[in-house]
Amino acid sequence: MAPFVVSILVPIGFFAMLFGILYVYYSTRNRERLAMIEKGADASLFQNPDRVSNIFKWGMFMVGIAVGIILASALSSANVLAEEVAYPSMIFFFGGLSLIVVHLIERKRETKE
């Protein structure tokens with residue numbers, strides 16, 4: 001009976017803790033922003049111009065990881081590479097390659113501006 005109770009209480013406790021941390025973070029941030037606005041701070045202070053860049057970077061990184069997993073699956077099923085080698089190597093290779101591509105795209109965009 002005890003393992004059953006633990007297997008239920010641990011996930012519930014984990015998600016409750018995660019919810020609590022996020023709730024405290026966002027409510028504190030909201031209070032700080034309201035206090036700054038009341039003191040006369042400009043609302044544009046809270047806008048992050050790098051947010052689009054970060055979303056693009058993370059999106060490309062996830063696409064690179066997905067391509068790495070797909071290629072690793074193909075290489076391991078074709079017996080080109082062992083499964084233990086194919087997955088980590090392709091995930092790291094294409095994840096890193098996608099970050100390099102993002103860096104080159106952002107540098108090219110910055111030189112145009």
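Throughout, numbering of the chain's residues begins at 1 and tracks the sequence.
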Notebook entry, point to check: Is it true that V85 and M90 fall in one hydrophobic cluster, defined by side-chain heavy atoms closer than 4.5 Å?
Noted result: yes
Check: Could you state the interatomic distance from CG (L22) to CE (M17), rounded to the nearest 0.5 Å?
Finding: 10.0 Å
Margin query: Between Y26 and L18, is there shared hydrophobic-cluster membership here, with clusters defined by ILVMFWY side-chain heavy atoms closer than 4.5 Å?
Written below: yes
Check: Which class fits the ring pair W58 and F61: parallel under 30°, tilted 30 to 60°, perpendicular over 60°?
Finding: perpendicular
Pairs of donor and acceptor atoms involving the side chains of residues 62-82, under 3.5 Å and at least two apart or interchain, shall be tabulated with distances.
unit_1 : atom_1 : unit_2 : atom_2 : d
S76    : OG     : A72    : O      : 3.1
S76    : OG     : S73    : O      : 3.1
S77    : OG     : S73    : O      : 3.1
S77    : OG     : A74    : O      : 3.1

Checklist line | Connected hydrophobic set around L104, excluding itself, where side chains approach under 4.5 Å | finding: I100
Notebook entry, point to check: Which distance, rounded to the nearest 0.5 Å, do you find between the NZ of K57 and the CG of L99?
Noted result: 7.5 Å
Notebook entry, point to check: For the atom pair NE2 (H103) and OG (S98), what is the distance rounded to the nearest 0.5 Å?
Noted result: 13.5 Å
